[in-house]
J.: 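Sharing a structure, written as structure tokens. Questions coming.
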Amino acid sequence: MRYAAWRLAGIIAVGLSSFLGLSGCADDALIVRDASPVGMPVPMTPSVAHASGQTVADETGTSTTPAGQGQTGRYFAAIGRVVLQNHAGDDFLSEPDIFVQVQRRDPVVLRAIRLAEERVAALGGRMRAVQEELRPLRVKQRESEVAPGEPLSPTQAARLDELSRDPGDVCDDPSRRSSCNMCFRYDERPMCVECEACDELFFLREKKTESEIAPGPPLTPEERERLQELEGEVAKIESGRQEAQREVRRQWDSITGFTHTITTPGYILDFGYRPIQAVLPGDDVWISVYDRDTDANDLYGTAALRIGDELLRGDDMELAMPNVESLILRIVSP
């Protein structure tokens, strides 16, 4: 009787594993298990990734078919069940916000990204050189345009002269000056009376200084012309740098896809096999699990694989990585 029960349990376990499609590693796929975390760029404005609650209902991702069925010639990576070993993030103010990133390591696109990033760096160096030449011209222009403040009235001038003859201990001693913070308006204590006189003295001194400001020499015609040239070059460089940065983001977006975000303290998540990133046969792909954070996303782990024939036939592949016990990948044809 006991033997029959064990035999029946074994049959059920085998059948369940087959039903879930956990086929394990494909012979023609390169899988990195227990790989060290790899920090990969994440596009700043992902169009697919968005926050959601613990359960996400989206019927658009439920009707996709495995790549081997209803072949359309287009392949998309899709993520199913993910089982976490633990939570890698350290955000104690909110529950984990888990999403999966799929990224093609396309050599052509990666080269385009590198060239665009080099252009960003080159334009940044040029901008620093232009700003260094521009800075003294701007300072000279600003100093030539200053206007003196309103002069002291005769009463204020007499009051300044009177206060300057005996400024008091409070004005000369910073530690005693800090005690003025304990005074309130119309406070008649001797210390506060002295503080009020000191405030008046500082005000009159500052006003006198501003009234004596004299504008600096104006820019020469050559300096003014150069200033205008440099201002135009700054605008041109900044425009080029923004365009190169947009190109970097656009290229990353073309090879990087995201699941929706599931917010939960649990360890078993189902992303519903929604197609998130187009892939090609033979592609090298990085799959990463993240906890979304406001500053920098926390990486759970990363695995690498190659899109081979078994995946293209629609077979599921189970991956493991640091902090992630199991992740099911499927190639679908929407």
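Basis for what follows: all heavy atoms, side chains included, without hydrogens, waters or symmetry-related copies.
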J.: Just jot down the side-chain contact (heavy atoms from CB on, under 4.5 Å) partners of Glu200, sequence neighbours excluded, or say none.
T.: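 side-chain contact (heavy atoms from CB on, under 4.5 Å) check on Glu200 returns Arg159, Leu163, Leu204.
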J.: How long is the span from the CD atom in Gln277 to the CZ atom in Phe258, to the nearest 0.5 Å?
T.: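 So the gap between those two atoms works out to 9.0 Å.
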J.: Between CZ of Phe76 and CZ of Arg330, what distance do you get to the nearest 0.5 Å?
T.: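 Between Phe76 CZ and Arg330 CZ, I get 15.5 Å after rounding to 0.5 Å.
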J.: May I ask you to say whether Arg226 pairs ionically with Glu223, meaning some side-chain N is under 4.0 Å from a carboxylate O?
T.: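 Glu223 and Arg226: not salt-bridged.
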J.: Tell me if a side-chain donor or acceptor on His87 pairs with a main-chain N or O of Pro96 at a distance below 3.5 Å.
T.: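 No: the side chain of His87 does not pair with the backbone of Pro96.
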J.: What I'd like to find out is whether the side chain of Leu84 reaches to under 4.5 Å of the side chain of Asn323, using heavy atoms alone.
T.: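 When only atoms from C-beta onward are counted, Asn323 and Leu84 do not touch, as no gap falls below 4.5 Å.
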J.: Please check: side-chain N/O of Gln156 versus main-chain N/O of Ser153, any donor-acceptor pairing under 3.5 Å?
T.: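 Here the side-chain-to-backbone pair exists.
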J.: Taking atom CD of Glu196 as the centre, does the number of heavy atoms from other residues, nucleotides or ligands within less than 6.0 Å exceed 12?
T.: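 Open: at most 12 neighbouring heavy atoms sit under 6.0 Å from CD of Glu196.
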J.: Checking side-chain polar atoms at under 3.5 Å, does Thr256 have a donor or acceptor matched by the opposite partner on Gln103?
T.: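 Distance-only check passes for Thr256 and Gln103.
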J.: Suppose we screen for salt bridge (Lys or Arg N to Asp or Glu O under 4.0 Å). Which residues come up paired with Arg246, at least two apart in sequence or across chains?
T.: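 Testing Arg246 for salt bridge (Lys or Arg N to Asp or Glu O under 4.0 Å), a comparison that skips the adjacent residues, returns Glu243.
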J.: Compare all side-chain heavy atoms of Leu227 with those of Glu231 and state whether any distance is below 4.5 angstrom.
T.: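 Contact flag for Leu227/Glu231 side chains = yes.
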J.: For the CD1 atom of Ile98 and the OG1 atom of Thr263, what is their distance to the nearest 0.5 Å?
T.: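 Nearest 0.5 Å value for the CD1-OG1 distance: 8.5 Å.
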J.: Could Arg81 and Phe271 be counted as a cation-pi pair, given that NZ or CZ must be under 6.0 Å from the ring centre and within 45° of the axis?
T.: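 Because its charged atom misses either the 6.0 Å distance or the 45° angle limit, Arg81 does not stack over Phe271.
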J.: Run the salt-bridge test on Glu143 and Lys140 with the 4.0 Å N-O cut-off and return the result as yes or no.
T.: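 So Glu143 does not pair with Lys140 through a salt bridge.
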J.: Tell me whether Thr261 contacts the main-chain N or O of Asp97 through its side chain, where contact means a donor paired with an acceptor under 3.5 Å.
T.: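 Checking the backbone N and O of Asp97 against the side chain of Thr261, no donor-acceptor pair under 3.5 Å is found.
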J.: Glu318 and Ser326: side-chain donor and acceptor closer than 3.5 Å?
T.: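 On atom types as modelled, these side chains qualify, holding a pair under 3.5 Å.
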J.: With rounding to the nearest 0.5 angstrom, report the NZ to CE distance, Lys236 to Met127.
T.: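 Lys236 NZ to Met127 CE: 12.5 Å, rounded to 0.5 Å.
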J.: I'd like to know whether CD of Glu212 has more than 12 heavy-atom contacts from other residues, nucleotides or ligands below 6.0 angstrom.
T.: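 Correct, the count exceeds 12.
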J.: Between Glu210 and Lys207, is there a salt bridge with N-O shorter than 4.0 Å?
T.: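 Not counted as a salt bridge, because no side-chain N and carboxylate O are separated by less than 4.0 Å.
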J.: Does any part of the side chain of Val234, heavy atoms only, come nearer than 4.5 Å to the side chain of Leu134, both counted from C-beta?
T.: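 Heavy-atom side-chain distance check passes, below 4.5 Å.
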J.: Tell me, yes or no, whether the heavy-atom count around Arg189 atom CZ, taken from other residues, nucleotides or ligands under 6.0 Å, exceeds 12.
T.: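 Count over threshold, so yes.
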J.: Between Phe99 and Asn297, is there a side-chain heavy-atom distance shorter than 4.5 Å?
T.: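 Counting from C-beta outward, Asn297 and Phe99 do come under 4.5 Å.
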J.: Measuring only between side-chain heavy atoms, which start at C-beta, is Cys183 closer than 4.5 Å to Met191?
T.: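 With C-beta onward as the side chain, the pair touches.
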J.: Does a side-chain N-to-carboxylate-O contact under 4.0 Å join Arg313 and Asp309?
T.: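 Judged by the 4.0 Å cut-off on N to carboxylate O distance, Arg313 and Asp309 do not form a salt bridge.
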J.: State whether Glu132 and Arg128 are salt-bridged, where the test is any N-O pair (Lys NZ or Arg NE/NH1/NH2 against Asp/Glu carboxylate O) under 4.0 Å.
T.: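 Salt bridge between Glu132 and Arg128, a charged N being under 4.0 Å from a carboxylate O: no.
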J.: Are the side chains of Met317 and Ile328 in touch, meaning some heavy atoms are under 4.5 Å apart?
T.: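 Sidechains of Ile328 and Met317: no contact.
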J.: Kindly write out the residues that satisfy side-chain contact (heavy atoms from CB on, under 4.5 Å) with Arg119, not counting sequence neighbours, or none if the list is empty.
T.: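 Per chain and number, Arg119 pairs via side-chain contact (heavy atoms from CB on, under 4.5 Å) with Leu123, Ala244.
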J.: Is any side-chain heavy atom of Ser164 closer than 4.5 Å to a side-chain heavy atom of Leu201?
T.: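 Result yes, sub-4.5 Å side-chain heavy-atom pair found.
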